[in-house]
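Report on the following structure.
We number each residue from 1, following the sequence as shown. The figures that follow rest on heavy atoms only: side chains count, while hydrogens, waters and symmetry mates do not. The shown structure was predicted, so the numbers you read here are calculated from the model rather than taken from an experiment.
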Amino acid sequence: MVKHKRKLTPAEKAEKKRRRQEYMTIFINGKQKRIKRPPTIEGLPVDEFIRRNADPIWLFQNESYEELYEWEQQQGQKKNRESSQSVLEPDLEKAGSVDEDDLPF
């Protein structure tokens, strides 16, 4: 006869869930290894979270000059996009209404 697999106790289930959250399994040289998961904030890696949410003062205080430079570059690109859109798209409210008498044809 086949021996049946026993069910896990609630304490064993909780420990298994904790281990799965803390560690991840990877393959190294064809063998499975369990390593600690990298730290995350709200599901994002720490570096990505800082990149998205840090302001320039925080970046400067924490000596993240590379990130500060990238942040300034992004701000410059946003300003360039806004200024090019205002040149390409005339403001309809400023243009006012056009009378038929003013048309050249």
(request) Run through K17, R19, M24 and flag the one making a side chain to side chain contact (heavy atoms under 4.5 Å, CB included) with Q21. (result) K17
Side-chain donor-acceptor distances from residues 67-77 under 3.5 Å, at least two apart:
{"unit_1": "E67", "atom_1": "OE1", "unit_2": "R51", "atom_2": "NE", "d": "3.4"}
{"unit_1": "Y69", "atom_1": "OH", "unit_2": "Q73", "atom_2": "NE2", "d": "3.3"}

(request) Starting at NZ of K31, measure out to CD1 of I26 and round the result to the nearest 0.5 Å. (result) 14.0 Å
(message) Within this structure, what is the CG-OG1 distance for the pair D47 and T40, rounded to the nearest 0.5 Å?
(response)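 Rounded to the nearest 0.5 Å, the CG-OG1 separation comes to 12.0 Å.
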(request) State, to 0.1 Å, how close A54 and L59 come at their nearest heavy-atom pair, and which atoms those are. (result) CB-CD2, 3.7 Å
(message) On a heavy-atom basis, which atom in R34 and which in T25 lie closest, and how many Å separate them?
(response) CG-OG1, 4.2 Å
(message) Suppose clustering is done on Ile, Leu, Val, Met, Phe, Trp and Tyr with side-chain heavy atoms closer than 4.5 Å. Which residues sit in the same group as Y23?
(response)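 Hydrophobic cluster check, Y23: no partners found.
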(request) Say whether F49 and I57 are linked into one hydrophobic cluster, either directly or through other cluster members, by side-chain heavy-atom distances under 4.5 angstrom. (result) no
(request) Return yes when atom CD1 of I35 has more than 12 non-hydrogen atoms of other residues, nucleotides or ligands closer than 6.0 Å, and no otherwise. (result)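 Atom CD1 in I35 is packed in, count exceeds 12.
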(message) Between F27 and K33, is there a side-chain heavy-atom distance shorter than 4.5 Å?
(response) no
(request) Would you mind checking if K16 and E12 are paired as a salt bridge, meaning a charged N to carboxylate O distance below 4.0 Å? (result)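 Between K16 and E12 there is no salt bridge, as every charged N stays at least 4.0 Å from the carboxylate O atoms.
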(message) Closer than 4.0 angstrom, basic N to acidic O: yes or no for R37 and E22?
(response)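 No.
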(request) Taking salt bridge (Lys or Arg N to Asp or Glu O under 4.0 Å) as the test, write out the residues that go with R52, two or more places apart. (result) E48
